[in-house]
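These notes concern the structure reproduced below.
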Amino acid sequence: MKKTNLPFHWQIKRLGDVCKTTSGGTPSRKNNGYYNGDILWVKSGELDKGVIYDTEEKITLEAVNNSSAKVFPKGTLLIALYGATIGKMAFLGVDAATNQAICGIFENKNVVSKYLYYFLFLKKPSLIDQGIGGAQPNISQGILKNLQIPIPPLPEQEQIVAKIEELFSELDAGVANIKRAQEQLKVYRQSLLKWAFEGKLTNEDECSGWQIKKLGDVCKLNPKPSNPIDPELKIQFVPMKLVEEVVNKINLVETRKYCEVKKGSYTYFEDNDILFAKVTPCMENGKIAVAQNLKNGIGYGSSEFHVIRCSKDVLNKYIFYYVVQERFRKNAAAAMTGAVGLRRVPKSFLEESQIPIPPLPEQLKIVEELESRLTVCDKLEEDIKFSLARAESLRQSILKQAFEGKLLNFKGETDK
């Protein structure tokens with residue numbers, strides 16, 4: 001940030017020159033006498049509360065005296081230095097200690113704490129970019145201390161904070177309305193699916209010719225290749241990340257030779273098969289889709305897929321829309337087996353699930369009606385996502401103007 005872009009009476013200073021900072025520490029876990037005390041001990045995952053008044057863990061005075069942990073005063077601004085939480089912030093509502101993944105920035109007479117908070121919020125993407133390391137990147141106190149911060153007089157800082165909060169309050173109200181519309185759209189989607197399988201989209205009076213059948217009676221689960229495959233044949237490869245949630249879309253961006261996947265613990269499928277994520281939380285999130293336009297008509301993917309291959313009696317999209325319903329996924333979640341964190345839907349759940357099956361012509365009508373209405377939902381969802389992204393862009397624009405001295409529309413001269 002160049003001084004020439006700022007009002008002439010502002011100064012540029014290093015954060016470390018205007019604020020005192022320090023990090024916390026973790027008392028030895030081997031000493032039980034260090035924990036279950038009465039001193040609040042903040043971890044970086046807890047920096048999502050705005051103001052912290054309580055913590056999951058507490059330490060003793062002995063722990064503070066015999067470790068790098070230290071008690072920060074009420075009003076201290078905390079910022080995370082490590083991993084996925086880099087740049088997260090919260091204020092202390094009471095005196096508390098922190099672990100070493102958190103830097104405390106003490107209140108002082110040179111800068112309004114909330115002014116500093118909003119400046120660091122603006123700089124969060126830059127801080128993340130400066131993170132070093134592998135799976136757990138981190139920033140140092142040195143990086144924070146060397147941040148150049150524009151410093152207007154204290155009364156101006158307070159005015160800027162007030163203006164930011166006024167504009168953010170209006171923005172938050174708009175975002176809340178958009179998110180309510182997003183939730184209502186999700187409810188409408190699920191209502192459409194429910195009505196479809198009750199015959200209400202195509203036949204209001206009765207479901208004539210409908211039968212209740214087990215999924216395993218009309219579909220084959222996890223079929224194997226029926227014909228030899230050329231080892232050099234290029235086929236589609238679909239890891240779990242390439243299946244989108246709920247919207248029946250697979251991103252077909254990876255291919256491999258058959259010889260590279262045949263000996264792995266991958267799942268085989270073909271064009272028109274349905275991929276059904278069986279592991280938590282992918283299943284609950286709706287990673288389910290019909291495979292279409294596969295390279296050479298064949299795919300291999302994550303071992304955490306069940307494959308549903310429809311018989312001539314049912315349309316694959318009809319079955320897709322049934323199993324992607326939230327209520328079906330909730331029932332599947334209740335049937336999961338295995339250890340916590342690795343729970344899976346058993347094949348038998350899908351085979352035994354009972355499904356209403358209308359005649360094929362009506363299945364086609366139901367699919368067409370659903371796709372017609374869901375296309376409108378998809379467009380509305382795109383509009384909502386655009387509006388949310390625009391709101392966040394506007395938030396950043398407000399902050400950028402604030403720290404360039406433009407938010408209050410000063411009439412004072414700037415340096416040339």
Side-chain angles (χ1 to χ4, degrees), residues 178-198 200-202 215 219 221 236 238-254 267 269 271-294 299 301-310 314-336 343-345 349-350 353 355-356 363-389:
I178 294 170
K179 288 185 174 179
R180 276 194 293 272
Q182 191 174 41
E183 287 304 310
Q184 290 168 353
L185 189 59
K186 288 180 181 178
V187 171
Y188 176 65
R189 278 181 178 274
Q190 294 306 314
S191 296
L192 274 180
L193 295 173
K194 182 174 181 290
W195 298 335
F197 299 106
E198 292 174 349
K200 293 179 180 178
L201 290 188
T202 53
L215 182 64
C219 298
L221 273 294
Q236 206 72 51
V238 181
M240 186 67 72
K241 67 181 180 180
L242 295 183
V243 178
E244 296 193 14
E245 297 172 0
V246 179
V247 296
N248 192 21
K249 182 178 179 181
I250 302 173
N251 295 301
L252 303 177
V253 295
E254 291 191 37
T267 300
F269 53 93
D271 264 333
N272 300 314
D273 288 343
I274 300 167
L275 300 185
F276 184 98
K278 62 185 177 184
V279 69
T280 190
C282 300
M283 188 283 297
E284 294 93 326
N285 293 339
K287 282 185 171 282
I288 305 167
V290 178
Q292 295 177 304
N293 302 313
L294 303 175
S302 169
S303 61
E304 300 294 356
F305 288 126
H306 281 309
V307 176
I308 304 172
R309 181 169 296 168
C310 296
V314 288
L315 300 177
N316 56 7
K317 284 189 176 180
Y318 178 87
I319 298 299
F320 161 77
Y321 283 121
Y322 190 86
V323 299
V324 83
Q325 291 180 95
E326 186 174 342
R327 61 178 179 168
F328 186 90
R329 286 182 276 131
K330 284 183 177 179
N331 290 337
M336 281 181 162
R343 293 174 60 78
R344 296 175 174 87
V345 178
F349 168 80
L350 292 177
S353 292
I355 296 184
Q363 291 181 41
L364 182 59
K365 287 182 183 178
I366 289 170
V367 168
E368 289 175 344
E369 187 64 29
L370 278 172
E371 294 193 333
S372 173
R373 299 194 190 194
L374 290 174
T375 296
V376 176
C377 291
D378 290 343
K379 178 61 171 66
L380 290 173
E381 181 67 29
E382 286 180 13
D383 291 345
I384 286 171
K385 288 180 179 178
F386 176 79
S387 296
L388 290 173

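Since the model is a prediction, treat every value here as computed from it, not as a measurement.
Not counting sequence neighbours, the partners of E326 by the side-chain contact (heavy atoms from CB on, under 4.5 Å) test are Q190, R329, K330. Residues that satisfy the side-chain contact (heavy atoms from CB on, under 4.5 Å) test with L185, not counting sequence neighbours, are C377, L380, E381, I384. Checked against side-chain contact (heavy atoms from CB on, under 4.5 Å), R327 has the following partners two or more places apart in sequence or in another chain: K194, Q325. Residues that satisfy the salt bridge (Lys or Arg N to Asp or Glu O under 4.0 Å) test with K379, not counting sequence neighbours, are D383. Legend: residues meeting side-chain contact (heavy atoms from CB on, under 4.5 Å) with S387, ordered by chain and number and at least two apart, are I178. In terms of the salt bridge (Lys or Arg N to Asp or Glu O under 4.0 Å) criterion, R343 has no residue partners (sequence neighbours excluded).
With values rounded to the nearest 0.5 angstrom, N316 atom CG is found 11.5 Å from R309 atom CZ. With values rounded to the nearest 0.5 angstrom, K278 atom NZ is found 8.0 Å from S302 atom OG. A distance of 10.5 Å separates OG1 in T280 from CD in E304, rounded to the nearest 0.5 Å. Once rounded to the nearest 0.5 Å, the distance linking CD of Q292 with CG of D273 reads 11.0 Å. Note that OG of S191 is 10.0 Å distant from NZ of K200, once rounded to the nearest 0.5 Å. With values rounded to the nearest 0.5 angstrom, I366 atom CD1 is found 9.5 Å from L315 atom CG.
Residues L201 and A196 approach most closely at CD1-CB, 3.6 Å, considering heavy atoms. Nearest heavy atom pair, residue A291 against residue F269, reads CB-CD1, 4.0 Å. Taking every heavy atom of both residues into account, A333 and M283 meet most closely at N-CE, 3.4 Å. Across T375 and E371, no two heavy atoms sit closer than the pair OG1-O, 2.6 Å. In plain terms, the two heavy atoms of S353 and F349 that are nearest each other are OG-O, 2.7 Å.
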Run the side chain to side chain contact (heavy atoms under 4.5 Å, CB included) test on R189 and D378 for me, step by step, so that the C-alpha distance in whole Å, both residues' side-chain angles and the decisive distance to 0.1 Å come before the verdict.
CA-CA 10 Å; R189 278 181 178 274; D378 290 343; 2.3 Å; yes
Start with the C-alpha gap between V367 and F320, add the side-chain angles, then the distance that decides, and say whether side chain to side chain contact (heavy atoms under 4.5 Å, CB included) holds.
CA-CA 10 Å; V367 168; F320 161 77; over 6 Å; no
After noting the C-alpha distance and the side-chain angles of C219 and V314, does the key distance pass the side chain to side chain contact (heavy atoms under 4.5 Å, CB included) rule?
CA-CA 8 Å; C219 298; V314 288; 4.1 Å; yes
I'd like to know whether V246 forms a side chain to side chain contact (heavy atoms under 4.5 Å, CB included) with K186, so could you lay out the CA-CA distance, the side-chain angles of the two residues, the decisive distance to 0.1 Å, and finally the verdict.
CA-CA 11 Å; V246 179; K186 288 180 181 178; over 6 Å; no
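In summary, the aromatic rings of Y318 and F197 are positioned with their centroids under 6.0 Å apart. Here the two rings, on F328 and Y321, have centers that are 6.0 Å apart or farther.
Ionic pairing of E368 and K365 is not present here: no N-O contact between side-chain nitrogen and carboxylate oxygen is shorter than 4.0 angstrom.
Screening V307, V324, I319 for a side chain to side chain contact (heavy atoms under 4.5 Å, CB included) with I274, the sole residue that qualifies is I319.
A side-chain donor-acceptor contact under 3.5 Å links N248 to the backbone of V290. Although no hydrogens or angles enter the test, the distance criterion places no donor-acceptor pair under 3.5 Å between the side chain of E244 and the main chain of I250. In this structure a side-chain-to-backbone donor-acceptor pair under 3.5 Å is present from K287 to V243.
Annotation: side chain of L221 is in contact with side chain of I308 (closest heavy-atom distance under 4.5 Å).
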